[in-house]
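The block underneath contains the structure these notes are about, expressed in structure tokens.
Proteins come first, then strands; the chains are lettered A, B, ... in the order of their sequence lines, and each starts at number 1.
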Amino acid sequence: MNTLDRVIERWYGYWFRPAPLFDLAVFRIILTGSHVLWYVLFLHASLVEQATTDPSLYKPLPLLKILTLDVIGEPRVLSLGTWELIFWIAVASGAAACIGLFTNVALVICAVTSNAFHLFINSFTEMHHPEAAMSIALAILALAPCGRLLSVDAMLAPRTSRLPLNAESAFAGWPAKLLMCLFAVFYLSAVKAKLTRDGVEWLNGFTLQYYLAMDGLRWDRPVAVWLASLHWVAFSLQVAIVAFQATFWTALVSARLRWIYIPAGLVIHAGFWFILNAPFPQWLACYAAFIPWWAVLQWRWLGREREHRVEATA
Amino acid sequence: MASISQLTSTLGRRFIGTFIAIVLGLQIVVVTFRLGGGRFYPFVGYAMYSRVHVENEPIAVNYPVFVQLPSGEELRVAAEDLGMNFWKLHRFTEMVLSGSKDEAQMLMSLYESRSGRPVAALRIASYPAIISRDGVKAVPSETLLVVLRASGEDA
């Protein structure tokens with residue numbers, strides 16, 4: 001075995017270590033459930049808004065041009081009816097994936113249509129970042145055995161091929177690992193953007209005070225405006241955020257550190273949402289991939305059941 | 001039967017392994033070389049909130065935009081007047097402030113076509129607040145830029 005073979009072997013060994021299918025199924029339900037909710041509650045308004053936007057502002061992104069076969073000549077805007085149809089296909093396929101009906105086919109349709117929809121929304125001079133991670137996560141799930149448990153597909157499967165809740169698969173762990181790697185890259189790129197432009201000057205306290213004041217006044221968030229008046233609190237938060245983003249990757253190599261980084265990440269993103277009105281619900285949903293649901297369930301419920309049994313025997 | 005499942009598994013690993021390498025590689029390339037503008041969407045950079053701000057800096061909550069009519073009358077422009085939302089108008093205003101005359105002319109032409117009124121000039125002002133050690137401090141709004149309609153000349 002030469003060096004290249006050994007590298008490839010280790011590559012496969014890392015990604016395809018057996019993991020609980022239950023974790024993947026719970027992640028599928030949370031991700032697609034939040035996708036459907038977000039679409040129905042908030043994104044339909046974006047579609048209506050784009051329809052009323054002046055067509056001169058339409059500058060289709062390259063991938064959208066390819067998807068809509070609109071590569072040559074002046075860009076043409078697909079009708080609102082077409083985008084309405086694409087929108088509802090993204091919702092229906094997301095709902096089917098959530099309940100696990102034709103799970104992987106539904107996820108492929110959901111990933112393609114929702115990505116096309118976001119490309120359309122982002123083709124009017126504004127870029128929405130949170131949905132990008134969701135689009136990637138849907139594509140990742142589409143290639144994973146996420147409908148083998150907790151799904152209509154599993155219920156309809158012949159009795160002989162049904163799996164127990166504690167079943168594991170070599171293909172169940174890579175989606176969470178890949179998403180965690182991507183988040184580590186997202187965070188490191190955020191640190192790079194903050195610290196490469198003007199060095200550590202970003203950590204001056206005033207920068208976060210400024211953003212808190214800007215978003216607080218812009219979106220009428222009194223807590224943000226109040227926090228903007230606390231210089232040392234803003235400075236401490238800036239240091240904490242950069243430290244979190246710069247070291248998130250360590251959660252990839254240490255399962256123990258995940259107990260710190262995952263709750264911290266959830267708190268940070270929820271904080272951005274409620275204090276700065278910078279909603280990243282898609283990122284919060286993606287964090288569901290990092291939680292070892294089967295282990296938590298065993299620890300929380302099965303452990304308690306065992307305690308009861310011991311007590312009853314005593 | 002065992003060999004078929006083994007073959008499927010091996011092919012599956014190769015396919016997924018390649019997919020992982022492509023997804024990770026694309027994301028790393030996009031953020032390393034700052035390939036922005038959504039050209040590689042959904043692979044995008046995450047440089048939000050990365051600009052440094054200093055004490056006494058004007059806070060860009062928004063940039064009040066005004067059009068001046070040939071009669072000399074000045075009207076405040078809302079995003080809806082141009083068929084835009086807050087973000088689109090904000091982006092356009094930022095582009096105008098960074099020196100893009102085309103965008104300034106486009107804003108005026110949009111206003112003219114939607115309101116039916118001719119425009120003589122476009123004025124962009126600052127939001128009346130700065131950031132201080134103790135938080136938000138109110139200051140008078142200042143004119144940041146005036147662009148004339150006909151020649152596109154900066155005042």
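- Within the 4.5 Å cutoff, no side-chain heavy atoms of B/V136 are placed close to those of A/S229.
- Contact of A/L64 with chain B is not made at all, since no heavy-atom distance falls under 4.5 Å.
- Classified by interplanar angle (parallel below 30°, tilted 30° to 60°, perpendicular above 60°), the ring pair A/W283/B/Y46 is perpendicular.
- Heavy atoms closer than 4.5 Å to chain A are found nowhere in B/F40, neither backbone nor side chain.
- Counting heavy-atom pairs under 4.5 Å between each of A/L212, A/I136, A/L63, A/L188 and chain B puts A/I136 at the top.
- With a 4.5 angstrom heavy-atom cutoff, A/Y187 does not touch chain B via any of its atoms.
- At a threshold of 4.5 Å between non-hydrogen side-chain atoms, the residues A/E131 and B/Y41 count as touching.
- From A/Y12, atom OH reaches atom CD1 of B/I20 across 9.0 Å, with rounding to the nearest 0.5 Å.
- The neighbour count for A/W249 CH2, taken as heavy atoms of other residues, nucleotides or ligands under 6.0 Å away, does not exceed 12.
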Give the intermediate values and the outcome of side-chain contact (heavy atoms from CB on, under 4.5 Å) for residues A/E201 and B/V54. CA-CA 9 Å; A/E201 181 60 21; B/V54 292; 4.3 Å; yes
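- The structure places CG of B/L24 at 13.0 Å from NZ of A/K177, a figure rounded to the nearest 0.5 Å.
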Evaluate side-chain contact (heavy atoms from CB on, under 4.5 Å) for B/S9 paired with A/F16, printing each intermediate quantity in order. CA-CA 10 Å; B/S9 174; A/F16 302 112; over 6 Å; no
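- The closest donor-acceptor contact from the side chain of A/W202 to the backbone of B/Y49 lies under 3.5 Å.
- Scanning both residues, A/L143 and B/I16, for their nearest heavy atoms gives O-CD1, 3.7 Å.
- For A/A234, no part lies under 4.5 angstrom from a heavy atom of chain B.
- For a residue to count as touching a neighbouring chain, one of its non-hydrogen atoms must lie under 4.5 Å from one of that chain's; by this rule B/V44 touches chain A with the side chain only.
- Annotation for B/R133 and A/W232: closest pair NH1-NE1, 4.4 Å, computed over non-hydrogen atoms.
- Only the side chain of B/L110 comes within less than 4.5 Å of a heavy atom of chain A; its backbone N, CA, C and O stay farther away.
- Contact detail for B/P42 and A/A132: the closest heavy-atom pair is O-CB, 3.3 Å.
- Looking at B/R14, both its backbone and its side chain come within 4.5 Å of chain A, counting heavy atoms on both sides.
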Please report the C-alpha distance between A/F171 and B/R13 in whole Å, then the side-chain angles of each, then the deciding distance to 0.1 Å, and finally whether the side-chain contact (heavy atoms from CB on, under 4.5 Å) criterion is met. CA-CA 8 Å; A/F171 291 98; B/R13 276 168 210 245; 4.0 Å; yes
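- Closest approach of A/T196 to B/R34, counting heavy atoms only: OG1-NH2, 3.1 Å.
- The aromatic rings of A/W174 and B/F19 stand perpendicular to each other, their planes meeting at an angle above 60°, with 30° marking the opposite boundary.
- Your options are B/G135, B/S50, B/S132, B/S113, and the one with the most heavy-atom pairs under 4.5 Å with chain A is B/S50.
- Contact of A/W226 with chain B is not made at all, since no heavy-atom distance falls under 4.5 Å.
- Among all heavy-atom pairs drawn from A/K192 and B/V31, the shortest one is NZ-O, 3.5 Å.
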Evaluate side-chain contact (heavy atoms from CB on, under 4.5 Å) for B/Y127 paired with A/M214, printing each intermediate quantity in order. CA-CA 10 Å; B/Y127 186 83; A/M214 183 183 76; over 6 Å; no
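- Of all the listed residues (B/R51, B/M106, B/R39), the one sharing the greatest number of non-hydrogen pairs under 4.5 Å with chain A is B/R51.
- For B/E55 (side chain) and A/F206 (main-chain N/O), no donor-acceptor pair under 3.5 Å exists by modelled atom type.
- The aromatic rings of B/H53 and A/Y210 lie parallel to each other, their planes meeting at an angle below 30°, with 60° marking the opposite boundary.
- At a heavy-atom separation below 4.5 angstrom, chain A is approached by B/E57, B/P58, B/I59, B/A60, B/V61 within residues 57-70 of chain B.
- In terms of heavy-atom proximity, B/W87 sits nearest to A/R218 at CH2-NH1, 3.2 Å.
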